[in-house]
2 protein chains.
Amino acid sequence: MSTFCKFETALEILVGKWKPVILLRLFSNGTMRFSELQKAIPEITKKMLTQQLRELEYHDIVHREIYRQIPPKVEYSITEYGKGMATILQALNDWGVAHIEHLNELYGPNHSVEPHRSDAMDK
Amino acid sequence: MSTFCKFETALEILVGKWKPVILLRLFSNGTMRFSELQKAIPEITKKMLTQQLRELEYHDIVHREIYRQIPPKVEYSITEYGKGMATILQALNDWGVAHIEHLNELYGPNHSVEPHRSDAMDK
DNA sequence: GCCTTAGGTTTCTTTTTGTATACTACGTTT
DNA sequence: AAACGTAGTATACAAAAAGAAACCTAAGGC
(Lines give C-alpha, C1' and ligand atoms only; values in the text may rest on other atoms or scores of the structure.)
Protein backbone atom coordinates (compact mmCIF):
# COMPACT_ATOMS: atom_id res chain seq x y z
CA MET A 1 0.00 0.00 0.00
CA SER A 2 2.95 2.29 0.39
CA THR A 3 6.64 2.34 0.21
CA PHE A 4 7.81 5.08 2.45
CA CYS A 5 5.51 4.43 5.33
CA LYS A 6 7.43 2.36 7.84
CA PHE A 7 10.19 4.70 8.77
CA GLU A 8 8.30 5.06 11.99
CA THR A 9 9.66 1.63 12.79
CA ALA A 10 13.19 2.85 12.45
CA LEU A 11 12.37 5.81 14.61
CA GLU A 12 10.93 3.67 17.33
CA ILE A 13 14.33 2.15 17.85
CA LEU A 14 16.05 5.46 18.09
CA VAL A 15 13.59 7.36 20.18
CA GLY A 16 13.89 7.42 23.89
CA LYS A 17 15.82 10.25 25.34
CA TRP A 18 19.04 8.34 25.85
CA LYS A 19 19.35 5.91 22.97
CA PRO A 20 21.37 8.15 20.69
CA VAL A 21 24.01 8.88 23.29
CA ILE A 22 24.16 5.24 24.41
CA LEU A 23 24.67 4.09 20.84
CA LEU A 24 27.28 6.75 20.33
CA ARG A 25 29.22 5.51 23.33
CA LEU A 26 29.03 1.89 22.35
CA PHE A 27 29.92 2.54 18.73
CA SER A 28 32.97 4.57 19.65
CA ASN A 29 34.18 2.71 22.75
CA GLY A 30 33.32 -0.86 21.75
CA THR A 31 32.51 -3.10 24.70
CA MET A 32 31.53 -1.30 27.88
CA ARG A 33 30.22 -2.45 31.20
CA PHE A 34 27.19 -1.02 32.88
CA SER A 35 29.14 1.14 35.28
CA GLU A 36 31.32 2.51 32.50
CA LEU A 37 28.25 3.62 30.63
CA GLN A 38 26.99 5.26 33.79
CA LYS A 39 30.24 7.15 34.17
CA ALA A 40 30.26 8.14 30.52
CA ILE A 41 26.71 9.50 30.78
CA PRO A 42 26.54 10.88 34.31
CA GLU A 43 23.07 12.41 34.05
CA ILE A 44 21.36 9.15 33.24
CA THR A 45 19.76 7.14 36.03
CA LYS A 46 20.27 3.41 36.44
CA LYS A 47 16.63 2.87 35.65
CA MET A 48 16.79 4.69 32.34
CA LEU A 49 20.09 3.12 31.37
CA THR A 50 18.77 -0.37 32.06
CA GLN A 51 15.54 0.27 30.25
CA GLN A 52 17.09 1.72 27.13
CA LEU A 53 19.70 -1.02 26.97
CA ARG A 54 16.99 -3.66 27.27
CA GLU A 55 15.09 -2.15 24.40
CA LEU A 56 18.19 -2.05 22.25
CA GLU A 57 18.90 -5.62 23.22
CA TYR A 58 15.41 -6.69 22.25
CA HIS A 59 15.96 -5.15 18.83
CA ASP A 60 19.23 -7.04 18.48
CA ILE A 61 21.22 -3.82 18.29
CA VAL A 62 23.07 -4.37 21.54
CA HIS A 63 24.45 -7.55 23.05
CA ARG A 64 24.43 -8.17 26.80
CA GLU A 65 27.13 -10.44 28.17
CA ILE A 66 26.67 -11.52 31.77
CA TYR A 67 29.58 -12.77 33.85
CA ARG A 68 28.31 -14.75 36.78
CA GLN A 69 30.53 -13.25 39.44
CA ILE A 70 30.12 -11.42 42.65
CA PRO A 71 30.10 -8.48 42.43
CA PRO A 72 28.36 -8.82 39.08
CA LYS A 73 29.87 -7.86 35.75
CA VAL A 74 27.85 -7.19 32.63
CA GLU A 75 29.24 -6.00 29.34
CA TYR A 76 27.40 -4.33 26.51
CA SER A 77 28.42 -4.10 22.89
CA ILE A 78 26.96 -3.49 19.45
CA THR A 79 25.88 -6.71 17.74
CA GLU A 80 26.99 -7.60 14.22
CA TYR A 81 23.47 -6.80 13.09
CA GLY A 82 23.57 -3.55 14.98
CA LYS A 83 26.71 -2.49 13.17
CA GLY A 84 24.55 -2.34 10.08
CA MET A 85 22.97 0.75 11.56
CA ALA A 86 26.21 2.69 11.39
CA THR A 87 25.53 3.92 7.87
CA ILE A 88 22.11 5.25 8.59
CA LEU A 89 23.19 6.72 11.91
CA GLN A 90 26.01 8.46 10.13
CA ALA A 91 23.59 9.76 7.51
CA LEU A 92 21.27 11.07 10.21
CA ASN A 93 24.19 12.64 11.95
CA ASP A 94 25.42 14.37 8.82
CA TRP A 95 21.97 15.63 8.04
CA GLY A 96 21.62 16.88 11.61
CA VAL A 97 24.88 18.78 11.44
CA ALA A 98 23.90 20.40 8.16
CA HIS A 99 20.49 21.19 9.56
CA ILE A 100 21.92 23.06 12.52
CA GLU A 101 23.85 25.14 10.02
CA HIS A 102 20.64 25.73 8.08
CA LEU A 103 18.85 26.89 11.21
CA ASN A 104 21.73 29.24 11.95
CA GLU A 105 21.32 30.80 8.54
CA LEU A 106 17.59 31.16 9.04
CA TYR A 107 17.50 32.44 12.58
CA GLY A 108 21.02 33.61 13.30
CA PRO A 109 23.58 31.84 15.44
CA ASN A 110 21.95 32.67 18.75
CA HIS A 111 18.63 30.95 18.40
CA SER A 112 17.75 28.31 20.95
CA VAL A 113 18.56 25.06 19.25
CA GLU A 114 15.18 23.43 19.66
CA PRO A 115 12.38 25.87 20.30
CA HIS A 116 9.97 23.92 18.20
CA ARG A 117 7.70 23.56 21.19
CA SER A 118 5.80 26.24 23.01
CA ASP A 119 6.56 29.44 21.16
CA ALA A 120 6.84 31.06 17.76
CA MET A 121 3.12 31.08 17.17
CA ASP A 122 2.78 34.01 14.83
CA LYS A 123 0.84 36.96 16.07
CA MET B 1 35.11 16.61 19.60
CA SER B 2 33.01 14.14 17.68
CA THR B 3 31.58 13.44 14.34
CA PHE B 4 28.60 11.24 14.83
CA CYS B 5 27.08 13.01 17.74
CA LYS B 6 24.38 15.24 16.38
CA PHE B 7 21.99 12.78 14.88
CA GLU B 8 19.82 13.58 17.83
CA THR B 9 19.14 16.81 16.02
CA ALA B 10 17.78 14.95 13.05
CA LEU B 11 15.65 12.83 15.32
CA GLU B 12 14.17 15.81 17.06
CA ILE B 13 12.58 16.80 13.81
CA LEU B 14 11.09 13.41 13.23
CA VAL B 15 9.86 12.53 16.67
CA GLY B 16 6.41 13.42 17.78
CA LYS B 17 3.74 10.89 17.30
CA TRP B 18 2.34 12.38 14.12
CA LYS B 19 5.27 13.82 12.21
CA PRO B 20 6.03 10.74 10.15
CA VAL B 21 2.49 10.37 8.91
CA ILE B 22 2.13 14.10 8.23
CA LEU B 23 5.33 14.11 6.21
CA LEU B 24 4.20 11.02 4.38
CA ARG B 25 0.96 12.72 3.39
CA LEU B 26 2.62 15.92 2.29
CA PHE B 27 5.35 14.17 0.35
CA SER B 28 2.89 12.02 -1.54
CA ASN B 29 -0.02 14.44 -1.97
CA GLY B 30 1.89 17.69 -2.48
CA THR B 31 0.03 20.77 -1.25
CA MET B 32 -2.74 20.10 1.24
CA ARG B 33 -4.92 22.31 3.32
CA PHE B 34 -5.47 21.89 7.00
CA SER B 35 -8.82 20.18 6.63
CA GLU B 36 -7.48 17.78 4.02
CA LEU B 37 -4.78 16.70 6.41
CA GLN B 38 -7.39 16.20 9.07
CA LYS B 39 -9.42 14.01 6.77
CA ALA B 40 -6.35 12.06 5.70
CA ILE B 41 -5.37 11.41 9.31
CA PRO B 42 -8.73 11.10 11.08
CA GLU B 43 -7.34 10.12 14.48
CA ILE B 44 -5.30 13.27 14.92
CA THR B 45 -6.71 16.18 16.90
CA LYS B 46 -6.59 19.75 15.67
CA LYS B 47 -4.29 20.70 18.45
CA MET B 48 -1.76 18.02 17.61
CA LEU B 49 -1.96 18.71 13.89
CA THR B 50 -1.39 22.40 14.44
CA GLN B 51 1.44 21.80 16.86
CA GLN B 52 3.29 19.31 14.70
CA LEU B 53 2.89 21.46 11.60
CA ARG B 54 4.23 24.48 13.47
CA GLU B 55 7.29 22.55 14.52
CA LEU B 56 7.90 21.37 10.97
CA GLU B 57 7.43 24.93 9.78
CA TYR B 58 9.95 26.22 12.28
CA HIS B 59 12.46 23.75 10.92
CA ASP B 60 11.76 24.92 7.39
CA ILE B 61 10.53 21.49 6.34
CA VAL B 62 6.96 22.60 5.74
CA HIS B 63 5.65 25.82 4.23
CA ARG B 64 2.46 27.43 5.47
CA GLU B 65 0.55 29.55 2.98
CA ILE B 66 -2.26 31.62 4.44
CA TYR B 67 -5.06 32.93 2.26
CA ARG B 68 -6.81 35.84 3.92
CA GLN B 69 -10.36 34.78 3.23
CA ILE B 70 -13.45 33.96 5.14
CA PRO B 71 -13.76 31.11 5.84
CA PRO B 72 -10.00 30.80 6.22
CA LYS B 73 -7.82 28.75 3.94
CA VAL B 74 -4.32 27.58 4.79
CA GLU B 75 -2.21 25.32 2.64
CA TYR B 76 0.76 23.25 3.68
CA SER B 77 3.50 21.86 1.50
CA ILE B 78 7.06 20.57 1.74
CA THR B 79 9.62 23.31 1.22
CA GLU B 80 12.45 23.00 -1.28
CA TYR B 81 14.77 22.53 1.65
CA GLY B 82 12.43 19.94 3.11
CA LYS B 83 12.54 17.93 -0.08
CA GLY B 84 16.17 17.30 0.77
CA MET B 85 14.92 15.02 3.52
CA ALA B 86 13.37 12.59 1.09
CA THR B 87 16.56 10.56 0.72
CA ILE B 88 17.11 10.10 4.41
CA LEU B 89 13.44 9.41 5.03
CA GLN B 90 13.54 6.77 2.34
CA ALA B 91 16.66 5.26 3.90
CA LEU B 92 14.99 5.15 7.30
CA ASN B 93 11.94 3.61 5.75
CA ASP B 94 13.93 0.92 3.99
CA TRP B 95 15.87 0.12 7.11
CA GLY B 96 12.62 -0.05 9.07
CA VAL B 97 11.08 -2.49 6.62
CA ALA B 98 14.17 -4.71 6.73
CA HIS B 99 14.22 -4.49 10.49
CA ILE B 100 10.66 -5.76 10.82
CA GLU B 101 11.77 -8.73 8.74
CA HIS B 102 14.73 -9.21 11.05
CA LEU B 103 12.50 -9.19 14.12
CA ASN B 104 10.26 -11.75 12.44
CA GLU B 105 13.24 -14.03 11.99
CA LEU B 106 14.28 -13.58 15.58
CA TYR B 107 10.95 -13.86 17.31
CA GLY B 108 8.63 -15.41 14.76
CA PRO B 109 5.94 -13.66 12.79
CA ASN B 110 3.54 -13.30 15.70
CA HIS B 111 5.51 -11.15 18.07
CA SER B 112 4.03 -7.83 19.04
CA VAL B 113 5.72 -5.33 16.81
CA GLU B 114 7.01 -3.01 19.50
CA PRO B 115 7.24 -4.61 22.89
CA HIS B 116 10.39 -2.76 23.70
CA ARG B 117 8.69 -1.10 26.62
CA SER B 118 7.37 -2.66 29.77
CA ASP B 119 8.07 -6.35 29.33
CA ALA B 120 10.66 -8.90 28.29
CA MET B 121 12.76 -8.37 31.35
CA ASP B 122 14.50 -11.71 31.57
CA LYS B 123 13.52 -13.90 34.45
C1' DG C 1 27.89 -9.94 61.63
C1' DC C 2 28.53 -5.54 59.16
C1' DC C 3 30.27 -3.17 55.03
C1' DT C 4 31.38 -2.86 50.23
C1' DT C 5 30.57 -3.67 45.28
C1' DA C 6 27.94 -4.03 40.63
C1' DG C 7 24.01 -4.26 38.41
C1' DG C 8 20.16 -3.91 38.79
C1' DT C 9 14.54 -3.44 40.68
C1' DT C 10 10.72 -1.00 43.15
C1' DT C 11 8.06 2.70 44.42
C1' DC C 12 6.83 7.35 44.16
C1' DT C 13 6.76 12.06 42.15
C1' DT C 14 7.22 15.24 38.40
C1' DT C 15 7.25 16.42 33.64
C1' DT C 16 5.93 15.84 29.12
C1' DT C 17 2.55 14.33 25.65
C1' DG C 18 -1.68 13.61 23.99
C1' DT C 19 -6.99 13.79 24.08
C1' DA C 20 -11.54 15.83 24.46
C1' DT C 21 -14.43 19.47 24.30
C1' DA C 22 -15.75 24.08 23.81
C1' DC C 23 -15.19 28.56 21.85
C1' DT C 24 -13.80 32.35 18.33
C1' DA C 25 -13.90 35.20 13.92
C1' DC C 26 -16.37 36.53 10.03
C1' DG C 27 -18.49 36.44 5.65
C1' DT C 28 -21.98 33.35 3.14
C1' DT C 29 -26.03 30.63 2.76
C1' DT C 30 -30.79 29.36 4.38
C1' DA D 1 -31.40 36.07 12.27
C1' DA D 2 -29.70 31.64 12.86
C1' DA D 3 -26.62 28.11 10.97
C1' DC D 4 -22.46 26.90 8.37
C1' DG D 5 -17.56 26.41 7.34
C1' DT D 6 -12.36 26.92 8.17
C1' DA D 7 -8.53 27.17 10.80
C1' DG D 8 -7.46 27.59 14.46
C1' DT D 9 -7.03 28.75 20.32
C1' DA D 10 -8.14 27.75 25.28
C1' DT D 11 -8.96 24.94 28.99
C1' DA D 12 -9.28 20.70 31.48
C1' DC D 13 -7.98 16.25 31.93
C1' DA D 14 -5.72 11.56 31.18
C1' DA D 15 -1.87 8.87 30.01
C1' DA D 16 2.84 8.03 29.16
C1' DA D 17 7.67 8.91 29.92
C1' DA D 18 11.32 10.35 32.82
C1' DG D 19 13.53 11.32 37.27
C1' DA D 20 14.85 10.56 42.26
C1' DA D 21 15.73 7.78 45.77
C1' DA D 22 15.63 3.71 48.39
C1' DC D 23 16.04 -1.18 48.38
C1' DC D 24 17.99 -5.93 46.90
C1' DT D 25 21.39 -9.66 46.14
C1' DA D 26 25.34 -12.54 47.18
C1' DA D 27 30.45 -13.11 48.02
C1' DG D 28 34.50 -11.54 50.06
C1' DG D 29 36.98 -8.67 53.44
C1' DC D 30 37.44 -6.74 58.15
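Numbers restart at 1 for each chain; the letters A, B, ... are given by sequence-line order, proteins then strands.
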Donor-acceptor pair under 3.5 Å, A:K73 side chain vs C:dG7 base
no
A:E65 atom CD is separated from C:dG7 atom C1', nearest whole Å, by 15 Å
Considering only heavy side-chain atoms of B:T45, the closest of C:dA20, D:dT6, D:dG19 is C:dA20
Short side-chain N/O contact to C:dA6 OP1/OP2 from A:R33, under 4.0 Å: no
Among the nucleotides D:dG8, C:dT19, C:dG8, whichever has the atom closest to the side chain of B:M48 is C:dT19
* Check whether any side-chain N or O of A:Y76 sits under 4.0 Å from OP1 or OP2 of C:dG8, and answer yes or no. => yes
Under the 3.5 angstrom rule, does the side chain of A:E105 hit a backbone N or O of A:H102 as a donor-acceptor pair?
-> no
Review point. Does the side chain of A:R64 get closer than 4.0 angstrom to OP1 or OP2 of C:dG8 through an N or O atom?
Key: yes
For this session: Would you classify A:Y67 as touching base, sugar-phosphate or nothing, given that sugar-phosphate means primed atoms plus P, OP1 and OP2, and contacts are heavy atoms under 4.0 Å?
Result: nothing
Taken to the nearest whole Å, CD1/A:I41 to P/C:dG7 is 14 Å
Side-chain contact check for A:R54: nearest option of C:dG8, D:dA18, C:dG7 is C:dG8
From CD of A:Q51 across to P of C:dG7 the rounded distance in Å is 19 Å
- Query: Are any of B:T50's side-chain N or O atoms less than 4.0 Å away from OP1 or OP2 of D:dG8?
  - Reply: no
Please check if A:I66 and A:I70 belong to a single hydrophobic cluster, counting links between Ile, Leu, Val, Met, Phe, Trp and Tyr side chain heavy atoms closer than 4.5 Å.
no
Ranking D:dA27, C:dA6, D:dA7 by distance to the side chain of B:V74, first place goes to D:dA7
Check: According to the interplanar angle, ranging from 0 to 90°, do the rings of A:F34 and A:Y76 count as parallel (below 30°), tilted (30 to 60°) or perpendicular (above 60°)?
Finding: tilted
A:Q69 atom CD is separated from D:dT25 atom C1', nearest whole Å, by 15 Å
B:E57 atom CD is separated from D:dA7 atom P, nearest whole Å, by 15 Å
query: Does the separation of the ring centres of B:H63 and B:Y81 fall below 6.0 angstrom?
result: no
Here the gap from B:L56 atom CG to B:Q52 atom CD, rounded to the nearest 0.5 Å, amounts to 7.0 Å
From CD of B:E55 across to P of C:dT16 the rounded distance in Å is 14 Å
Atom CG of B:L49 and atom C1' of D:dG8 are separated, to the nearest Å, by 10 Å
note: A:K46, atom NZ; D:dT25, atom P; distance rounded to Å ~ 15 Å
